[in-house]
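Just so it is clear: chains get the letters A, B, ... in the order the sequence lines come, proteins before strands, and each one is counted from 1.
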Protein chains: 2
Amino acid sequence: MPRISATKQAILAAALELGALHGISGTTMEEVAERAGVAKGSVYYNFASKDKLFEELLTAGVSSLSATLRTAREQASGFGAIEAMVMQMLTLIAENRALAKLMAAEIFRTDRVWQHTVSGLRREGVSEIGTALAPLVPAETPEATRLLMAGGIFGATLMGGLEWLLFTPETPVEDVAAAILFTYSGRLAQ
Amino acid sequence: MPRISATKQAILAAALELGALHGISGTTMEEVAERAGVAKGSVYYNFASKDKLFEELLTAGVSSLSATLRTAREQASGFGAIEAMVMQMLTLIAENRALAKLMAAEIFRTDRVWQHTVSGLRREGVSEIGTALAPLVPAETPEATRLLMAGGIFGATLMGGLEWLLFTPETPVEDVAAAILFTYSGRLAQ
DNA sequence: GTCTATAAGGTGATAGAC
DNA sequence: GTCTATCACCTTATAGAC
């Protein structure tokens with residue numbers, strides 16, 4: 001017995017697809033209703049407001065990313081943890097392409113009601129990577145510096161992942177991960 | 001004698017600040033006019049439409065980034081070119097914080113009239129970095145792989161730069177560049 | 001639970017006086 | 001060149017029938 005009705009699920013799916021396409025501000029509740037195959041009144045029966053609707057979508061995405069990164073980190077050690085996190089994050093992006101686009105567009109917004117939610121995405125993602133970096137950087141490295149590095153790895157994976165899906169989607173995920181990880185091998189700086 | 005009137009400049013400045021704060025869709029022409037200290041009619045006298053207004057803003061930003069990266073690349077060689085590009089891109093982001101936020105939010109949009117403009121930002125940025133990478137990667141590396149790496153470096157710098165400005169703006173730009181570049185030293189993977 | 005109809009307010013854009 | 005006034009439309013949200 002699903003605790004989420006078919007209608008609610010259809011609305012969420014419609015909102016996700018449209019939001020990825022036109023952004024959240026660019027998506028209207030009318031369009032969402034039409035795409036979900038229900039009337040606008042039904043959308044408002046299931047979600048109190050447009051903000052609540054998208055917040056639910058984003059919250060689910062944040063949880064999903066956090067859990068994925070944490071699991072990847074715990075299943076490997078040393079630099080292997082970074083490798084696993086990059087790989088798993090790329091897989092997640094590929095599986096939830098629309099959600100990834102939606103979140104990428106919102107990630108630096110500071111004026112939304114769900115700001116806390118999306119900000120949590122970056123913070124949790126970056127801090128998971130930061131934790132994995134701790135044993136890999138010199139002992140005297142300040143935490144802020146480590147978080148900047150983590151932000152860089154997070155950003156590289158996100159940008160690389162979206163570029164991959166937009167321009168060369170036929171490339172296997174392993175190759176994309178390998179390309180990003182190659183930059184950390186030290187062979188560029190030789 | 002400026003070829004751009006004071007009014008036009010005030011409107012562009014207002015649109016930039018508001019756009020960085022609320023996004024482009026979230027910014028109204030009424031607000032832009034108010035902040036610029038002119039009437040809405042004057043905004044429309046200077047810009048044919050809201051789209052044209054923001055397109056002008058974004059176009060200027062793209063040119064600026066492209067020029068900066070090209071200059072940085074040409075003034076150094078080998079890995080030094082990557083170092084210079086990261087450093088100059090961070091400097092540019094710091095100097096044009098609002099523009100950087102505006103562009104970051106639009107960079108993966110595919111449905112806007114200025115899509116071509118913003119898409120050009122990423123493409124030109126990534127391809128400049130890709131050019132600098134050519135002598136640094138194994139000879140048999142496909143171009144697509146090299147561009148994925150370049151996208152990663154671009155994404156790392158953008159994300160690192162925005163995190164820097166949002167959370168630890170007192171950190172000197174050199175330290176931020178050093179943190180990002182450290183990840184390419186190979187010392188993480190040892 | 002889902003629908004239709006409508007309210008209430010905002011938005012991009014234009015006309016025409018000055 | 002800049003202003004005020006206004007249009008036509010769109011958007012979120014709600015009321016009430018079924």
Classify the ring geometry of A:F54 against A:W114: parallel below 30°, tilted from 30° to 60°, perpendicular beyond 60°.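 Geometry flag for A:W114 against A:F54: tilted rings.
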
Hey, does the side chain of B:R109 reach the backbone of A:H22 with a donor-acceptor pair shorter than 3.5 angstrom?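 Such a contact is found between B:R109 side chain and A:H22 backbone.
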
Could you check whether any side-chain N or O of A:R122 sits under 3.5 Å from a backbone N or O of A:I107, counting only pairs where one atom can act as donor and the other as acceptor?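 The answer is yes, because a donor-acceptor pair under 3.5 Å joins these two groups.
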
Please determine if B:K8 forms a cation-pi arrangement with B:F47, meaning its NZ or CZ atom is less than 6.0 Å from the six-membered ring centre and no more than 45° off the ring axis.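 The answer is yes; both the distance and angle limits are met.
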
Neighbours of DNA chain C within residues 24-39 of chain B, by heavy-atom distance under 4.0 Å: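 The stretch gives B:T27, B:T28, B:M29 as the residues lying under 4.0 Å from the strand, ordered by number.
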
Counting heavy atoms not belonging to [X], are there more than 12 under 6.0 Å from its [atom1]?
X	atom1	result
B:R187	CZ	no
B:E55	CD	yes
A:E34	CD	no
A:Q115	CD	yes

Which two nucleotides bound the region of DNA chain D that has atoms under 4.0 Å from heavy atoms of chain B, read 5' to 3'?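 Extent of the interface on DNA chain D: D:dG1 to D:dT4.
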
Within this structure, what is the CZ-to-P distance between B:F54 and C:dA13, rounded to whole angstrom?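 Computing the B:F54:CZ to C:dA13:P distance gives 12 Å.
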
Could you state the atom-to-atom distance from OH of A:Y44 to P of C:dA5 in whole Å?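 These atoms are roughly 18 Å apart.
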
